[in-house]
Number of protein chains: 2
Amino acid sequence: MKLGVSPDIFPPRSHEAKRVSVVDAAASVFCRQGFAGANIDLIAAEAGVSRQTVYNHHRDKEKLFVAVVRDLTERCNAGIFATIATFPDQPGDIEADLIGFAVRMNRNCICNRDGRFLRKLIQAEGERYPELFAEWREQGPGRTWSALAARFARLAYAGHLSIDDPDVAARQFLALVNAELQITFMLGGVPTENEVLQSATNGVHTFLRAFSKRPSTASVKKQAALASA
Amino acid sequence: MKLGVSPDIFPPRSHEAKRVSVVDAAASVFCRQGFAGANIDLIAAEAGVSRQTVYNHHRDKEKLFVAVVRDLTERCNAGIFATIATFPDQPGDIEADLIGFAVRMNRNCICNRDGRFLRKLIQAEGERYPELFAEWREQGPGRTWSALAARFARLAYAGHLSIDDPDVAARQFLALVNAELQITFMLGGVPTENEVLQSATNGVHTFLRAFSKRPSTASVKKQAALASA
DNA sequence: ACAAATTTAGACACTCTTGTCTAAATCGTC
DNA sequence: GACGATTTAGACAAGAGTGTCTAAATTTGT
C-alpha cells in the first residue's frame with residue numbers, strides 16, 4: 001500500500017494532528033480510568049497511533065497528563081468567556097434572558113466534553129497536582145466569578161436587579177441554575193437538554209424572587225448613597 | 001487498663017476492630033490514589049495489619065472497595081438523617097435557625113471524613129460501579145431531598161415561608177448554602193469553619209429573600225415587569 | 001525523486017502489584 | 001496452661017505496565 005489507498009482506514013494525518021489525537025484520547029482514558037489506571041497502550045490505540053509516538057510527543061505519562069489538563073483548561077476558559085460575552089446586559093424579558101444565558105453556560109461550558117473531562121480530572125487528581133490545579137482555579141473560576149459579578153453589578157446599576165454583593169450573587173446564580181444537576185454531575189453523567197432547561201428555569205425563578213428590584217430598606221439606602229455620591 | 005501490657009504500642013485489637021481498621025485505611029487510600037492506584041500493601045500498613053489479614057477479611061481488592069463504599073454510605077446516611085431531625089420546625093428566629101441547620105449539615109455530613117471520602121469515591125469511580133452508586137443515589141440524595149422537602153413544606157404550611165414546590169426549594173436550599181464551597185469541595189479540600197458559616201449565612205439570606213412570606217407573588221411579578229420595562 | 005524527519009511494530013528490561021502459600025508467632029478462651 | 005483460631009512475615013508465581021531501543025516503513029519538504 002503506497003498511496004492513500006488505505007481501504008477503509010482514515011487518511012494519514014499530520015504531525016500536529018497526531019499530537020491533538022493523542023491529547024484527546026489521553027483525556028478520555030484518564031477520565032475513565034484515572035491517572036494510575038490509564039494505560040499508554042490504550043491511549044495510543046484510541047488515538048490511532050503507535051505507542052512510541054505517544055512517547056515522542058510527550059516524554060512520559062505525567063507530562064502527558066499535564067498537557068491534557070492545560071489543554072482542557074484553556075479550551076474551557078475560552079468557552080466560558082465567550083459565553084459570558086453573551087450575558088444579557090440590556091434584557092428585554094429578564095427572566096427569559098437569564099434562563100437562556102444559564103442554558104448556554106451549561107451546554108457550552110459545563111456539560112460538553114471538555115467541561116465534563118476537566119471537572120472529572122480536577123476531582124480525581126486535584127490533590128496530587130496542587131500547583132497545576134491552583135493555576136486552573138485562578139484562571140477559571142476566579143476570573144469567571146469576577147466577570148459574571150461585573151455583569152450582575154451592571155444589571156443592578158441599570159436598575160434591573162437589587163443586589164448587595166455582586167460576587168455572592170454571581171456564585172449563587174451559578175449554584176441555583178445547577179441545583180438539580182449536581183447528582184448527575186457527581187456521577188459523571190450528562191443531563192438531558194430538558195433537565196438543563198428545567199434546572200435553569202427553576203434556578204432563575206428563585207434568583208429573581210430574591211434579587212428583583214423591589215422596595216427594601218437596603219436598596220433604598222443604596223440608592224440614597226448613590227444619589228448623594 | 002487491665003490487659004494493656006503492650007509496652008508503647010497500641011493494645012492488641014479484636015477481630016472486628018481489625019476489620020474496621022482495614023476498611024478505614026482502605027477508604028483513605030482509595031480516596032488518595034483512586035481504585036487502580038491503591039496499593040493493598042499500603043492499606044495493610046496504614047491499618048496496622050499484615051497484608052494477609054486484608055485478604056482474610058475481604059476476598060480481593062474489588063470486594064474491599066465495595067465494602068468501603070457500603071460502609072461510608074451507611075454512616076453518611078445515618079448522619080444526614082440525624083441532622084435532618086434537628087431541622088427547625090418551630091423557628092424562633094428563622095434566619096438564625098436555618099443558618100444553624102445548614103452549618104450542622106455541612107459540618108456533620110458533608111465536610112466530615114466520611115462525607116468527603118464518599119463524595120470523592122462517587123466522583124472518581126461512580127461510572128465503573130453503576131449498580132453500587134445507583135443504590136447510594138436512591139438511599140442518599142433521593143431520601144435526603146424528600147425528607148428535607150417535607151420539612152420545608154411544613155414550614156410553609158405553618159406560615160413561615162412561601163414555597164411553590166418544596167422539592168425544588170429543598171434542592172435550592174442545599175445549593176445556596178454550599179454555593180461558596182463548591183471549588184473547595186471539587187479539589188477535595190476542607191473549608192474552614194468560617195467559610196462554612198459565611199456560605200451558609202449568605203445562602204440562607206438569599207433563600208429567605210426568595211421564600212419568606214411576603215405580600216403576594218403577584219405583586220412581585222408586577223414589580224419585576226415594571227422594572228424590566 | 002531524494003533526503004530528512006517522523007512513525008511504526010516489536011522486542012526488551014525493569015518495576016510494581018495482586019493474590020496464594022507456608023510455617024511460625026500470637027491471641028482468645030477455657 | 002493448653003487448645004483452636006487468627007495473625008504475621010516472607011517467599012513466590014503470574015501478570016501487567018512503563019519506558020527504551022532498533023530497524024524498517026512511511027511521510028514531508030524541496
Side-chain angles (χ1 to χ4, degrees), chain A residues 1-26 28-68 124-125 128-129, chain B residues 1-26 28-68 125 128:
Chain A
M1 30 183 117
K2 30 178 75 172
L3 292 179
V5 196
S6 324
D8 52 346
I9 316 288
F10 297 100
R13 298 153 301 163
S14 74
H15 187 67
E16 262 318 302
K18 294 205 176 185
R19 176 175 224 103
V20 173
S21 278
V22 170
V23 173
D24 282 355
S28 167
V29 175
F30 279 134
C31 281
R32 292 203 310 270
Q33 322 268 19
F35 178 81
N39 177 309
I40 304 275
D41 286 344
L42 182 57
I43 291 172
E46 289 201 12
V49 303
S50 76
R51 178 174 39 164
Q52 187 60 49
T53 298
V54 176
Y55 284 103
N56 286 346
H57 284 272
H58 312 275
R59 186 173 311 283
D60 57 29
K61 197 181 182 181
E62 190 146 326
K63 291 198 179 50
L64 174 57
F65 180 80
V66 171
V68 166
E125 316 289 346
R128 200 168 335 166
Y129 296 86
Chain B
M1 299 256 187
K2 32 181 79 164
L3 318 165
V5 193
S6 323
D8 53 345
I9 316 288
F10 297 102
R13 299 153 299 162
S14 73
H15 187 67
E16 262 319 301
K18 294 206 176 185
R19 176 174 224 105
V20 173
S21 279
V22 170
V23 173
D24 282 355
S28 168
V29 174
F30 279 135
C31 282
R32 293 203 309 271
Q33 322 269 18
F35 178 81
N39 179 310
I40 304 274
D41 285 345
L42 182 57
I43 291 172
E46 290 202 10
V49 303
S50 76
R51 178 175 38 168
Q52 187 59 50
T53 297
V54 176
Y55 284 104
N56 286 345
H57 283 273
H58 312 274
R59 186 173 310 285
D60 57 30
K61 195 181 184 182
E62 189 147 327
K63 291 197 179 50
L64 174 57
F65 180 80
V66 171
V68 166
E125 315 289 346
R128 200 166 334 160

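Below, chains carry the letters A, B, ... as their sequence lines are ordered, and counting in each starts from 1.
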**Q** Could you list the residues that satisfy side chain to side chain contact (heavy atoms under 4.5 Å, CB included) with A:A45, not counting sequence neighbours?
**A** none

**Q** OP1 or OP2 of C:dT7 sitting under 4.0 Å from any side-chain N/O of A:H57?
**A** yes

**Q** Suppose we screen for side chain to side chain contact (heavy atoms under 4.5 Å, CB included). Which residues come up paired with A:V23, at least two apart in sequence or across chains?
**A** A:H58, A:V68, A:D71

**Q** OP1 or OP2 of D:dT8 sitting under 4.0 Å from any side-chain N/O of B:K18?
**A** yes

**Q** Does A:H57 offer a backbone N or O that forms a donor-acceptor pair with the side chain of A:K63 under 3.5 Å?
**A** no

**Q** With sequence neighbours excluded, tell me which residues meet salt bridge (Lys or Arg N to Asp or Glu O under 4.0 Å) with A:E62.
**A** none

**Q** Between residues 45-55 of chain A and DNA chain D, which residues have a heavy-atom gap below 4.0 Å?
**A** A:R51, A:Q52, A:Y55

**Q** Using five base pairs at each end to define the local axes, how bent is the helix from C:dA1-D:dT30 to C:dC30-D:dG1, to the nearest 10°?
**A** 40°

**Q** For B:E125, what residues pass the side chain to side chain donor-acceptor pair (under 3.5 Å) criterion, not counting sequence neighbours?
**A** B:R128

**Q** Once you round it to whole Å, what is the distance between C1' of D:dT20 and CG of A:N56?
**A** 11 Å

**Q** Which residues pass the salt bridge (Lys or Arg N to Asp or Glu O under 4.0 Å) test with B:R19, not counting sequence neighbours?
**A** none

**Q** A:Q52: which residues meet the side chain to side chain contact (heavy atoms under 4.5 Å, CB included) condition with it, sequence neighbours left out?
**A** A:S50, A:Y55, A:N56

**Q** Tell me every residue that passes salt bridge (Lys or Arg N to Asp or Glu O under 4.0 Å) with B:R51, counting only those two or more places apart in sequence or in another chain.
**A** B:D41

**Q** Starting from C1' on C:dG19, measure out to NZ on B:K63 and report it in whole angstrom.
**A** 12 Å

